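In what follows, chains are A, B, ... by sequence order, proteins preceding strands, each numbered from 1. All values reported here derive from a predicted model rather than from experimental measurement. What you see below is based on every heavy atom in this structure, not just the backbone, and it leaves out hydrogens, waters and symmetry mates.
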Amino acid sequence: MMLEMDKVCAAYGPSQVLHEVSLKIHDQEIVTIIGSNGAGKSTILKTICGWLGTTSGQIQFAGERIDNNETKDIVRKGISISPEGRRVFPKLTVLENLEMGAYVCTKREFEEEVERVYQIFPKLKERTKQLASSLSGGEQQMLAIGRAVMSKPKLLLLDEPSLGLAPVMIDTVLEAIKIIKESGVTICLVEQNAQLALEIADRGYVLETGKIVLEGMGRELLRNEKVKNAYLGL
Amino acid sequence: MNIFLQTIINGVIVGGTYALMAVGLTFVLGFMDLVNFAHGELYMLGAYFTYFFVVTIALPHIIGIPLAILVAMLLGLLIERFLLRPVWDKDILIRMLLTVGLMILIPNVITVMLTAVPKKVPPPFTMSPFILGNVRVAPIQLLIVLVSVFIIVLFHLFMQRTRLGKAMRATFQDKEVAMAMGIDTKKIYAYTFSIGCGMAAAGGAMLSMIYNVFPAMGAITTTKAFAVVILGGLGNFAGAILGALIVGVSESIAGTYISSGYKDAVAFILLVLILMVKPSGIMGKKGGIEK
């Protein structure tokens with residue numbers, strides 16, 4: 001078991017956002033969490049990476065409790081995030097962004113990883129000395145994902161990687177996600193684009209107003225009537 | 001013409017030390033959103049620490065001045081840890097008032113401990129001025145401006161080239177994401193403040209060799225450094241340096257051609273004029289502070 005959330009509750013100030021969320025992510029899986037805007041998908045990732053404390057429940061990573069640990073320590077355990085809205089460091093260059101991604105690594109590891117990221121995203125290599133703010137949305141998304149894999153995570157959290165991207169860019173990003181998965185990284189993918197997410201996911205969870213209402217294999221969920229009506233627009 | 005040239009040279013030399021003060025201030029302001037009214041107090045302490053190391057215990061300047069800067073940086077770490085860290089998440093006004101408190105507290109503590117009688121730090125050497133044509137430059141002044149430039153360049157290289165410098169920039173561009181990279185942002189805050197303090201102290205340490213050292217020297221320096229920083233554009237390093245040179249040269253011109261009594265007013269008159277034309281400062285960007 002890579003990650004297990006057990007009845008996790010979380011709140012922003014007085015308003016509770018997650019209600020006893022339980023989910024499991026096995027080694028080498030792509031697990032997706034789908035749901036509408038404001039359902040709490042991103043909040044789940046925030047509690048995993050330590051940006052948001054939990055109010056109750058447990059999160060275990062590789063058998064070790066990590067809920068309410070400091071973010072900087074959680075990265076060192078092997079969890080890394082490509083956040084919603086990309087959030088690359090705008091005034092650092094592409095290479096410097098990747099260097100920050102490898103902050104917990106040695107220099108040699110950084111040099112190896114940067115080559116690997118440039119193989120996955122050749123476009124980034126062309127832009128290596130440019131400021132991240134000068135990249136297009138798609139390139140910034142590549143950079144955010146590239147930066148997140150620099151630390152050689154065991155578990156990669158991807159928050160809305162397709163948001164606001166042109167279809168051709170989405171394909172590139174999806175290809176990259178598959179390559180990253182094949183290299184042995186477990187992925188937790190949060191998406192509003194349910195169709196796309198369920199197609200590449202092994203398993204999926206459906207989140208509604210902070211509660212898990214459905215879970216199943218990716219293909220099953222794609223055929224599920226409720227999912228079709230609510231999220232696939234069919 | 002010779003007087004004019006001399007005036008400009010003097011202005012550039014003064015401007016060089018202003019630049020050091022302003023870069024330290026704009027660094028802390030731009031990166032940490034900390035309006036540090038105690039910046040000049042660290043400048044003052046830098047001068048007093050220099051007095052202590054160089055005069056009281058008679059270390060050579062080359063050891064005493066770096067030690068003075070180091071002690072100021074350590075003091076900066078303590079101030080950050082015990083006073084600022086509890087209020088980083090609070091309103092910017094609370095932090096600002098805290099530095100105002102330090103601005104009042106520190107010089108008064110020094111006055112109580114050492115009295116307000118001005119002290120002097122002798123320069124490390126006495127040399128007759130360099131004479132180029134009809135322009136005279138005192139070697140100590142030249143040394144001070146060169147050291148200022150050296151520190152600014154060193155600081156720039158540190159921020160651009162080192163892992164820690166990049167982590168600082170990353171932290172202040174997006175703190176949450178920086179944490180997710182594994183950066184210990186609490187430490188980054190402490191180091192950043194400490195470096196700002198070190199730059200202020202470096203200015204004080206060097207000027208202690210040509211000016212009197214007294215408890216109230218920090219306040220005017222703070223206000224002038226703010227004038228320079230706002231003039232150049234908040235958080236903009238190049239702007240801070242340009243602003244410092246403009247203020248230094250204008251003061252020098254006013255001192256020569258109007259009256260040295262009005263010298264200190266020049267920075268503020270310039271500030272008002274520039275802000276009327278370009279409210280974001282000479283090199284500042286619209287809509288706020290650059291990181």
Side-chain angles (χ1 to χ4, degrees), chain A residues 42 45-52 69-107 109-110 129 131-133 140 143-144 146-153 155-159, chain B residues 23 26-33 81 85 88-91 155-192 233-240 283-291:
Chain A
S42 294
L45 297 191
K46 284 180 188 173
T47 59
I48 297 174
C49 80
W51 280 346
L52 185 70
N69 279 15
E70 277 193 67
T71 302
K72 69 174 170 58
D73 301 325
I74 291 175
V75 198
R76 288 177 170 80
K77 294 187 201 300
I79 300 180
S80 152
I81 186 166
S82 163
E84 184 180 5
R86 299 148 203 157
R87 290 171 73 175
V88 292
F89 299 116
K91 292 202 175 162
L92 298 188
T93 64
V94 168
L95 187 64
E96 285 171 338
N97 266 278
L98 295 176
E99 209 180 323
M100 288 300 107
Y103 193 78
V104 296
C105 303
T106 63
K107 195 164 168 50
E109 284 173 319
F110 161 68
K129 290 234 180 322
L131 289 185
S133 57
Q140 287 191 8
L143 181 55
R147 182 180 64 181
V149 298
M150 286 298 292
S151 62
K152 295 199 195 171
L155 174 63
L156 175 64
L157 311 174
L158 295 173
D159 200 347
Chain B
V23 166
T26 214
F27 173 53
V28 167
L29 174 70
F31 272 43
M32 316 182 84
D33 291 330
R81 177 64 189 84
R85 192 170 295 181
W88 280 129
D89 295 332
K90 305 269 181 336
D91 195 277
F155 168 73
H156 177 78
L157 291 177
F158 168 76
M159 292 305 288
Q160 296 301 320
R161 300 282 168 81
T162 67
R163 200 172 92 107
L164 186 58
K166 288 172 199 169
M168 281 183 175
R169 283 152 60 211
T171 298
F172 296 108
Q173 284 169 31
D174 194 327
K175 185 174 153 193
E176 244 184 11
V177 175
M179 285 194 276
M181 304 289 117
I183 297 170
D184 188 340
T185 52
K186 284 197 185 107
K187 275 192 189 145
I188 295 286
Y189 270 68
Y191 296 157
T192 306
L234 294 178
N236 184 308
F237 291 110
M283 299 183 77
K285 298 231 167 72
K286 263 192 196 146
I289 298 172
E290 283 183 66
K291 302 249 186 228

(Q) Between Lys166(B) and Glu99(A), does any NZ, NE, NH1 or NH2 come within less than 4.0 Å of an OD or OE carboxylate oxygen? (A) yes
Q) Is it the backbone or the side chain of Lys186(B) that comes under 4.5 Å from a heavy atom of chain A, or both, or neither? A) side chain
Q) Measuring from Met181(B):CE to Ser80(A):OG, what's the distance to the nearest 0.5 Å? A)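 If I round to the nearest 0.5 Å, the distance is 6.0 Å.
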(Q) Can you tell me how far apart OG1 (Thr71(A)) and CG (Asp184(B)) are? Round to the nearest 0.5 Å. (A)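 Here the interatomic distance stands at 11.0 Å.
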Can you confirm whether more than 12 heavy atoms, excluding those of [X], are under 6.0 Å from its [atom1] atom?
| X | atom1 | value |
| --- | --- | --- |
| Tyr189(B) | OH | yes |
| Lys187(B) | NZ | no |
| Asp89(B) | CG | no |

**Q.** Under 4.5 Å from any heavy atom of chain B - which part of Arg87(A)
**A.** both
**Q.** Derivation of the side chain to side chain contact (heavy atoms under 4.5 Å, CB included) call for Val177(B) and Met100(A)
**A.** CA-CA 10 Å; Val177(B) 175; Met100(A) 288 300 107; over 6 Å; no
Q: State whether Tyr103(A) and Arg163(B) meet the cation-pi test: NZ (Lys) or CZ (Arg) under 6.0 Å from the six-membered ring centroid, and within 45° of the perpendicular axis.
A: yes
Q: Indicate the atoms forming the closest heavy-atom contact of Ala180(B) with Ile81(A), along with that distance.
A: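 Scanning both residues, the minimum pair turns out to be CB-CG2, 3.8 Å.
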Q. What is the minimum heavy-atom distance between Leu92(A) and Arg169(B), and which atoms define it?
A. CD2-NH2, 3.2 Å
Q: Select, from Met150(A), Arg76(A), Glu70(A), the one with the greatest count of heavy-atom pairs under 4.5 Å involving chain B.
A: Arg76(A)
**Q.** Side-chain heavy atoms of Pro90(A) within contact of Gln173(B), under 4.5 Å
**A.**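 Yes. Closest side-chain heavy atoms under 4.5 Å.
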